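Comments concern the structure below.
Below, read A as the first sequence line, B as the second, and so on, with proteins coming before strands; counting in each chain starts at 1. Just so it is clear, the model here is predicted, and its values are computed rather than measured.
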Amino acid sequence: MDFLSSLNKEQREAVTETDGPILILAGAGSGKTRVITYRIAYLIAEKGVAPHSILAVTFTNKAAEEMRERVTRLLSGQRIPSAPLISTFHSLCVRILRQHIEALKEGYTRSFTIYDQDDSVRLVKACIKDLGYDDKQLGQRAVQATISSAKNRGEDAETYAARVEYGDEKRAAIARIFRLYEERLVNNNALDFDDLLVKAVQLLRRVAEVRDVYNNRFRYILVDEYQDTNALQFALIRFLTEKQQNVCVVGDENQSIYRWRGADISNILNFEQHYPNARVIRLEQNYRSTQNILDTADAVIKFNTERKDKRLWTANPAGERLRYYQAFDAESEARFVAAKIEEHRREDPKIKAAVLYRTNAQSRVFEEAMRRAGIPYNIVGGFSFYERAEVRDIISYLKLALNAHDSIALMRVINTPPRGLGKQTLDEIERRAKDYGVSYWETIAILTDDGKGLNPRATSALKNFQKIITDLVKVTTESASSDSPVSDVVKAAILDTGYSTALKNENSEEAEARLENLQELVNAAVDYDKQEQDGLRDFIDHAALVSDQDQYKRDALVTLMTMHAAKGLEFPLVFIVGLEDGLFPHSRSATDPAELEEERRLCYVAITRAERFLYLMHAMKRRVYGEEMASEPSQFLNEMPLDLIEDLTRGPSWLSFARSSSTLENKDAVRALRGDARERTKYSGKTYDSADSIAEFFRKRSQQLGGSAPKTQNEPTIRRAEQSSTASSPTRSSSSTSSRGAQPSGDFLPGSHVRHPKYGRGLVLRREGTGDSVKLTVSFPGFGQKKLIEKYAGLEKA
DNA sequence: GAACTTGCTGAATTG
DNA sequence: CAGCAAGTTC
């Protein structure tokens, strides 16, 4: 095939070695997607494999879509009898379950409902309430997250309960909630996101006939982003490859950033054990980035210990140096980005830029800055279309029409728009439903029938609601039998439920916007009708399974997104913002070295998104919880080769200081290691950071580079210095004191510097509580953020 | 029963 | 500074 000529040797091998298990270790920018799509095309066009016996699995719809497009393009002109199945893990599972779930014999039917996270949290909340637990002690979200991660580890309610230790009240409570939650899911004929995988795997494990069906169907299997697979996804692939081993997995362990979601990096590291005859191909030539960008990424990732040694190289030129900017605050950081984008556009008006941040909360300032500068942008993440309340409401009506036992959907819409069904009535429904042990929908039938326990007013309101739903069910079933468009049913759900009327009566701009969103939903349904004909059920499934990442628009010139969302993408111009200690690496990862390594991989991912220009930025202060907090530069900055970075800051900056003191590096590091803290008090008070902080950075660095020095300090290397020797610290004028609770009685106010016996000099970020229980959040350069009890921490002024 | 007010607590990353 | 829950008023 002629298109093979455009591939390098390794890529070609990865495409043409079609049989047997194969692991493709594809470094960033090494043409991974290319290899997968060419491989699929090759199988079909050259090997004559029937397209429908090929399965390719991705994590996002967007990736699947792109793959489909590229394969189609490669095969254009060829007549193919069927299409390969290119799907996300989740939709693959839905497909399997819609076909076979009844074989599990757990009470689920093929018309099950999918609960997204929001639904799932609501259900958890109801369980907490019904078990009489205090929902203040057990955060609904936290409980849901615990249940979710248990499921992803492969545990069910029973095994979770079995692991609860005696006396651990909280976990015991969660175990009981877990059990009730599962029970309710079955009663509602609903599966949450995790269940989609759990149940599909159970099905394949337990029912040999089902396993056979898929083993016979899929002869060639490809898995994208294999480093992000978790135990369930691994099991799924194992079962699907039981008979044949034509499995091709592609991934990069340096880009594994979903550990927190259960991703197990050992899936990729141990692939050769799992599939003993596996062939391994490494794609190490990077076609994306300049040498300088690649060198920086490489320098950072080298600080990780958990990795296979692999060196990415490129034939690309060194390119420009990376650019660094120290902003005063988050707003000026955003303004700087906007200004730079405009500057680059003067050179190249079509240049594509990405702004990458650690948390979605950071996006707002950038949105504002872009709007003010008149720069159109696309934002990925945050509130997606299907997460808007009005859209979810209509979807809930539709879900209810398909599955009236879905109590979560029912409760969502029973009084939306308001139709006179208040707390009293709802409580009554809840109580009776529990008494009778039936669903809310059935309870409503009983209540409207006997009318007992409710006043006539409520009864008639309830009858009204009942009629609305039965009518909608009628429309739905008629539509299904006559193959009429899905969009008609969606329209009915908006109009016949009184939803649009209620919005129109509001006469506000907000209501207007909501109506427009509903119009969008109708449009989506019309689009759907044009493309597929799998009915309302499938349309709803789509709505449940679209992800934030799917919002990425390829031709947008400016994209704002999290670093996670950026995986797999590339841009000529990239801004990595908020490189601050506690933000990136995130403070929650500070305690666990494995999590810190994951943050570092995330940093690696972010850097390697850039093709030509890469900006690294941090702000000196930013608002967190509406409170102004000072921040120190990220340790990742310090792990980069500083000579590859150009400083664009006006005036003194952390970088200029770090550079100019590079001759001090060894001296300071040695001194710090020796434990002589007394000398290290020179502090200009004007520049952002002090020599001390820099020395701490270098100390950490020399430890890591040296290898022999202990990584964590078990014994204090720095003795407590004499209290009198240090002058009181010049408090940073920019940082205000905490607005909540803190009393300016002590000396350790936010913004001041302290010295800790073990971590050395640090900056107080936050102060909570009073008296003996004063807790401080302190940022120690090189060690990250620590939470300390003032009384015991042995702090002193610095 | 619904609309409005206050007061509190809590955000990392996602299919 | 949010968003949400409980409390208050019409």
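- No engagement by F89(A) is indicated, since no non-hydrogen atom pair under 4.0 Å with the nucleic acid exists.
- Nucleotide dT14(B) holds its P atom 13 Å from the NE2 atom of H90(A), rounded to whole Å.
- Between dT13(B) and dC4(C), the two P atoms lie 16 Å apart (nearest whole Å).
- Residue-level contact check: E595(A) touches the bases, meaning some heavy atom is under 4.0 Å from a base atom.
- When the side-chain nitrogen and oxygen atoms of R358(A) are compared with OP1 and OP2 of dT13(B), none of them lie within a distance under 4.0 Å.
- We find that OH of Y386(A) is positioned 15 Å from P of dG15(B), with the value rounded to whole Å.
- Considering only the side chain of R141(A), dA11(B) comes nearest among dA11(B), dG1(B), dG15(B).
- H564(A) pairs with exactly one of Y258(A), Y357(A), F59(A) by the ring-ring contact (aromatic ring centres under 6.0 Å, His included) rule, that one being Y258(A).
- Counting heavy atoms from C-beta outward, L92(A) and L55(A) have side chains that approach closer than 4.5 Å.
- Listed pair Q140(A) / dA5(C) meets the phosphate criterion, a side-chain N or O lying under 4.0 Å from OP1 or OP2.
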Distances under 3.5 Å only, N/O to N/O: pair up the protein atoms with those of nucleotides 8-10 of chain C.
none

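- With hydrogens and angles ignored, a donor-acceptor pair under 3.5 angstrom links the side chain of D194(A) to the base of dG15(B).
- Scanning for ring pair (Phe, Tyr, Trp, His ring centres under 6.0 Å) contacts around F193(A) gives H90(A), with sequence neighbours left out.
- Taking atom CG on D228(A) and atom P on dG15(B), their separation rounds to 11 Å, with Å as the unit.
- Put simply, CZ on R622(A) is 17 Å from C1' on dA2(C), counting in whole angstrom units.
- Checking the phosphate oxygens (OP1, OP2) of dA12(B), no side-chain nitrogen or oxygen of T562(A) falls inside 4.0 Å.
- Taking T416(A) as the reference, nothing meets the side chain to side chain donor-acceptor pair (under 3.5 Å) condition, with sequence neighbours excluded.
- Judged as a ring pair (Phe, Tyr, Trp, His ring centres under 6.0 Å), and not counting sequence neighbours, the contacts of F584(A) are F636(A).
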For nucleotides 2-5 of chain B, which of its nitrogen or oxygen atoms have a protein nitrogen or oxygen under 3.5 Å away, and what is each distance?
from   : atom 1 : to      : atom 2 : distance (Å)
dA2(B) : OP1    : G420(A) : N      : 3.0
dA2(B) : OP2    : N415(A) : ND2    : 3.1

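- As a whole-Å value, the separation of L602(A) CG from dA12(B) P is 15 Å.
- The separation between F584(A) atom CZ and dA12(B) atom C1' is 12 Å, rounded to whole Å.
- The stretch residues 260-268 of chain A touches DNA chain B through W260(A), R261(A), each having a heavy atom within less than 4.0 Å of the strand.
- Distances shorter than 4.0 Å separate none of the side-chain N or O atoms of K125(A) from OP1 or OP2 on dC4(C).
- Looking at heavy atoms from C-beta onward, Y115(A) lies in side-chain contact with N188(A) at the 4.5 angstrom threshold.
- The salt bridge (Lys or Arg N to Asp or Glu O under 4.0 Å) test applied to R95(A) returns no partner, not counting sequence neighbours.
- Listed by chain and number, the residues in a ring pair (Phe, Tyr, Trp, His ring centres under 6.0 Å) with F234(A) are H274(A) (sequence neighbours excluded).
- No donor-acceptor contact under 3.5 angstrom links the side chains of N378(A) and T559(A), judged on distance only.
- In this structure, CZ of R364(A) is placed 12 Å from C1' of dG3(C), rounded to the nearest angstrom.
- Partners of V198(A) according to the side chain to side chain contact (heavy atoms under 4.5 Å, CB included) rule, which considers only residues two or more places apart in sequence or in another chain, are K151(A), D195(A), Q202(A), L232(A).
- Counting non-hydrogen atoms under 4.0 angstrom, E599(A) reaches a base of the nucleic acid.
- Contact check, N360(A) against dT14(B): a side-chain N or O comes under 4.0 Å of OP1 or OP2.
- Backbone-only contact: Q424(A) has heavy atoms under 4.0 Å from sugar-phosphate atoms and none from a base.
- Partners of E225(A) under the salt bridge (Lys or Arg N to Asp or Glu O under 4.0 Å) rule, at least two apart in sequence or in another chain, are K32(A), K567(A).
- For the salt bridge (charged side-chain N to carboxylate O under 4.0 Å, His left out) condition, the pairs that include at least one residue of residues 377-393 of chain A, sequence neighbours left out, are D116(A)-R392(A), D118(A)-R392(A), D119(A)-R392(A), E390(A)-R514(A), D393(A)-R412(A).
- For A409(A), the side chain to side chain contact (heavy atoms under 4.5 Å, CB included) test picks out S396(A), K399(A), L400(A), D406(A), with sequence neighbours left out.
- Nucleic acid contact for T60(A): sugar-phosphate only, since backbone atoms but no base atoms lie under 4.0 Å from a heavy atom of the residue.
- In this structure, the NE2 atom of H564(A) is 12 Å from the P atom of dA12(B), given to the nearest Å.
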